[in-house]
Amino acid sequence: MTTVALVTGGSRGIGAATAARLTAAGYRVVVASRSAQPPAGVEVAGSIAMDVSDPASIETGLAEVTEQYGPIGILVANAGVTRDTLLMRMSDADIDEVLATNLAGSIRLARGVLRGMLRAKSGRIVFLSSVVGMLGSAGQVNYAASKAGLIGAARSLAREVGSRGITVNIVAPGFVDTDMTAELDEERRTEILGAIPAGRYADPGEVAAAVEYLVGPDAGYVTGAVLPVDGGLGMGH
Ligand code: NAP
């Protein structure tokens with residue numbers, strides 16, 4: 001049976017590129033986002049509406065995927081948001097939304113797919129963290145905390161299920177050309193570029209390639225790993 005792969009935030013950016021690569025690799029890919037938009041130009045098996053900041057929406061969405069497409073063998077918890085501002089000015093809503101979406105959402109998704117994976121005695125979970133989870137980033141206290149939290153979550157879960165054929169890993173991108181970074185002003189973009197050894201932003205496909213490796217058959221002995229795809233920006237951290 002073809003493995004079902006759920007990619008959250010699969011409507012655009014890194015999630016869309018991941019959906020494209022996993023589809024090309026022969027997985028049965030279902031994407032989930034608030035808009036339920038399928039990624040442009042990719043023939044995914046399905047596209048569902050899910051708000052990962054809402055526990056009830058996660059529960060309903062996971063049930064829908066399992067019923068319609070089969071047990072989920074691969075989870076790529078990629079959906080994420082930023083609400084950047086200096087902490088002095090950060091609202092409770094800015095804190096809550098980013099933590100609920102990026103961190104609690106990913107943890108709940110992982111919990112939701114575990115039962116099926118334990119039954120199957122196999123599974124692959126990948127969380128999308130970020131280089132800023134390790135480096136820190138002024139104006140991103142909420143976001144960096146959510147991304148650092150994912151590392152502790154993945155490594156803890158990797159220990160819980162390591163002997164059950166389930167791997168849990170992290171991909172930590174640097175700066176990637178997507179809608180998320182399109183919000184940055186020109187001055188900040190130039191400043192960031194100067195700090196990246198590769199001297200450029202990543203293409204979303206370069207991050208998707210790392211995800212494809214971690215969910216694939218060659219990565220069965222890789223778990224609890226943090227795989228940077230950051231052009232060298234986070235070296236040494
Ligand atoms: P993006 O282009 O802004 O796309 C975000 C995706 O997440 C969209 O599909 C969006 O769809 C979905 N999404 C947002 N909130 C959601 C929610 N509450 N429930 C369900 N889906 C939701 O982002 P990206 O740049 O591809 O980033 C993808 C992941 O990589 C994120 O976790 C991000 O933090 C991480 N990352 C990105 C970069 C970068 O430079 N771009 C660097 C490091 C890490 P809807 O709006 O339709 O819901």
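If you read the sequence from its start, that first residue is 1, and numbering goes on from there. First listed ligand is number 1; within each ligand, the first listed atom is number 1. All values reported here derive from a predicted model rather than from experimental measurement.
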**Request:** For atom 3 (O) of ligand 1, find the nearest protein heavy atom and state the residue, atom name and distance (0.1 Å precision).
**Result:** Arg12 NH1, 3.2 Å
**Message:** Between ligand 1 and Gly9, is the shortest N or O to N or O distance under 3.5 Å?
**Reply:** yes
**Atoms of ligand 1, numbered as shown, that sit under 4.0 Å from any heavy atom of Met50** = 19 (N), 20 (C)
**Request:** Check each of Ala79, Ser53, Gly80 against atom 5 (C) of ligand 1 and report the one with the nearest heavy atom.
**Result:** Gly80
**Asked** Going by the atom numbers of ligand 1, which of them fall below 4.0 Å from some non-hydrogen atom of Asp179?
**Response** 2 (O)
**Asked** Does Ser129 have a heavy atom less than 4.0 Å from any atom of ligand 1?
**Response** yes
**Prompt:** At a 4.0 Å cut-off, with the gap strictly under it, does some heavy atom of Tyr143 reach an atom of ligand 1?
**Reply:** yes
**Message:** As an exercise, identify every atom of ligand 1 less than 4.0 angstrom from a heavy atom of Thr181.
**Reply:** 39 (C), 40 (O), 41 (N)
**Message:** Looking at Arg200 and Glu206, is there a salt bridge between them, counting it only when a charged N and a carboxylate O are closer than 4.0 Å?
**Reply:** yes
**Asked** With only distance considered, is Ile14 within less than 3.5 Å of ligand 1 through an N or O on each side?
**Response** yes
**Prompt:** Heavy-atom distance to atom 38 (C) of ligand 1: which of Gly174, Ala16, Ala100 wins?
**Reply:** Gly174
**Asked** Is it the case that Ser146 and Asn102 place a side-chain donor and acceptor less than 3.5 Å from each other?
**Response** yes
**Message:** Can you tell me if Glu59 has over 12 outside heavy atoms packed within less than 6.0 Å of its CD?
**Reply:** no
**Prompt:** Ignoring hydrogens and geometry, is there a side-chain-to-backbone donor-acceptor pair from Thr3 to Gly73 under 3.5 Å?
**Reply:** no
**Prompt:** Which part of Ala172 is near ligand 1, with near meaning a heavy atom under 4.0 Å away: side chain, backbone, both or neither?
**Reply:** neither
**Request:** Go through ligand 1 atom by atom and flag the ones less than 4.0 Å from a non-hydrogen atom of Phe175.
**Result:** 40 (O)
**Prompt:** Does ligand 1 have an atom that lies less than 4.0 angstrom from a heavy atom of Gln37?
**Reply:** no
**Message:** For Asp230 versus Ala172, what's the shortest heavy-atom pair and its separation?
**Reply:** CB-O, 4.3 Å
**Asked** Using 4.0 Å as the upper bound for N to carboxylate O, is an ion pair formed by Asp177 and Arg189?
**Response** yes
**Message:** For the backbone of Ala158 and the side chain of Thr223, can you confirm whether one donor and one acceptor N or O come within less than 3.5 Å of each other?
**Reply:** no
**Numbered atoms of ligand 1 (with element) below 4.0 Å of Asp51, judged on heavy atoms** = 17 (C), 18 (N), 19 (N)
**Request:** Have a look at Val76, Val176, Leu128 and point out the one with the heavy atom closest to atom 39 (C) of ligand 1.
**Result:** Val176
**Asked** Is Ser11 reaching over with its side chain to a backbone N or O of Gln37, donor-acceptor style, under 3.5 angstrom?
**Response** no
**Item:** Considering all heavy atoms, the nearest Thr60-Ala56 contact
**Value:** OG1-O, 2.7 Å
**Prompt:** How far does CZ of Arg155 sit from CG of Asn169, to the nearest 0.5 angstrom?
**Reply:** 9.5 Å
**Message:** Testing the basics here: between Ala219 and Tyr213, what is the closest heavy-atom pair and its distance to 0.1 Å?
**Reply:** CB-O, 3.2 Å
**Prompt:** Judged by non-hydrogen atoms, does Asn78 sit under 4.0 Å from ligand 1?
**Reply:** yes
**Fill in**
Under 4.0 Å from one or more heavy atoms of Gly13, ligand 1 contributes atoms 2 (O), 26 (O)
**Request:** Looking only at distances, please establish whether an N/O atom of ligand 1 is found under 3.5 Å from an N/O atom of Ser35.
**Result:** yes
**Main-chain N/O of Leu128 paired to Lys147 side chain as donor or acceptor, under 3.5 Å** = yes
**Prompt:** Given Ala77, Ser11, Ala17, Ser130, which one has a non-hydrogen atom that is nearest to atom 11 (O) of ligand 1?
**Reply:** Ser11
**Request:** Could you tell me whether a side-chain N or O of Thr8 sits under 3.5 Å from a main-chain N or O of Asn78, the two making a donor and an acceptor?
**Result:** yes
**Item:** Heavy-atom nearest neighbour in the protein, as seen from atom 24 (P) of ligand 1, with distance rounded to 0.1 Å
**Value:** Thr178 OG1, 3.7 Å
**Message:** Are any of the N/O atoms on Val52, whether in the backbone or the side chain, positioned under 3.5 angstrom from an N/O atom of ligand 1?
**Reply:** yes
**contact_flag Val81 ligand 1 heavy-atom lt 4.0 Å** = yes
**Item:** Heavy-atom donor-acceptor pair, Arg124 side chain to Gly216 backbone, under 3.5 Å
**Value:** yes
**Prompt:** At what distance is the nearest protein heavy atom to atom 16 (C) of ligand 1, and which residue and atom is it?
**Reply:** Arg34 NE, 3.4 Å
